[in-house]
Amino acid sequence: MEIDLLAEVALLRDLTDRGLMRGQVGTVVERLSPEAVEVEFSDDQGRTYATAAVAQRDLVKLHRGPLEQVA
């Protein structure tokens with residue numbers, strides 16, 4: 001499943017080389033390839049603390065409301 005630009009996502013695995021752990025939340029800011037995206041991780045005040053290239057298979061898209069029914 002392709003994750004859209006500006007989608008809110010969470011990591012499914014640790015990225016220890018980037019200082020990131022499973023469950024951290026970020027925003028997709030760029031599509032790098034069909035398999036990978038650039039994710040920006042920010043704190044509650046909107047300050048970026050990390051960016052990382054992440055395989056889409058290592059992300060889950062978050063949903064903050066009900067999904068629309070597909071007919």
Side-chain angles (χ1 to χ4, degrees):
M1 179 174 112
E2 189 171 289
I3 299 175
D4 298 327
L5 287 176
L6 303 179
E8 191 172 33
V9 295
L11 287 173
L12 292 174
R13 68 177 186 92
D14 294 343
L15 299 178
T16 53
D17 60 323
R18 301 299 307 224
L20 298 166
M21 61 188 295
R22 182 177 181 264
Q24 283 187 283
V25 175
T27 302
V28 175
V29 294
E30 186 175 348
R31 180 159 314 289
L32 301 175
S33 74
E35 296 83 28
V37 293
E38 184 84 6
V39 180
E40 181 178 277
F41 297 89
S42 302
D43 63 19
D44 290 338
Q45 284 72 47
R47 294 179 296 232
T48 301
Y49 61 84
T51 58
V54 183
Q56 290 193 62
R57 69 178 176 274
D58 293 331
L59 297 168
V60 62
K61 182 176 177 181
L62 302 179
H63 304 278
R64 295 203 176 261
L67 298 177
E68 293 183 24
Q69 295 290 331
V70 178

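Along the sequence shown, the residues carry numbers beginning at 1.
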How far apart are the closest heavy atoms of [X] and [Y], and which atoms are they?
| X | Y | answer |
| --- | --- | --- |
| Glu40 | Ser42 | OE2-OG, 3.7 Å |
| Tyr49 | Gln24 | OH-NE2, 3.1 Å |
| Gly23 | Ala10 | O-CB, 4.1 Å |

How long is the span from the [atom1] atom in [X] to the [atom2] atom in [Y], to the nearest 0.5 Å?
| X | Y | atom1 | atom2 | result |
| --- | --- | --- | --- | --- |
| Glu2 | Lys61 | CD | NZ | 10.5 Å |
| Glu35 | Arg57 | CD | CZ | 8.5 Å |
| Leu11 | Leu20 | CG | CG | 6.0 Å |

**Val39 and its side chain to side chain contact (heavy atoms under 4.5 Å, CB included) partner, picked from Leu59, Val25, Thr51** =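 So, applying the side chain to side chain contact (heavy atoms under 4.5 Å, CB included) to Val39 and each of Leu59, Val25, Thr51, only Leu59 qualifies.
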**Request:** Using the side chain to side chain contact (heavy atoms under 4.5 Å, CB included) rule, pick out the option among Leu5, Thr27, Leu32 that qualifies with Glu38.
**Result:**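 Result: among Leu5, Thr27, Leu32, Leu32 is the only option passing the side chain to side chain contact (heavy atoms under 4.5 Å, CB included) with Glu38.
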**Joint cluster assignment, Ile3 & Leu62, ILVMFWY side-chain distance < 4.5 Å** =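 Not linked; separate clusters.
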**Within residues 5-15 or reaching into it, pairs that qualify as salt bridge (Lys or Arg N to Asp or Glu O under 4.0 Å) - sequence neighbours excluded** =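 Applying salt bridge (Lys or Arg N to Asp or Glu O under 4.0 Å) to every pair that reaches into residues 5-15, excluding sequence neighbours, yields Glu8-Arg64, Arg13-Asp58.
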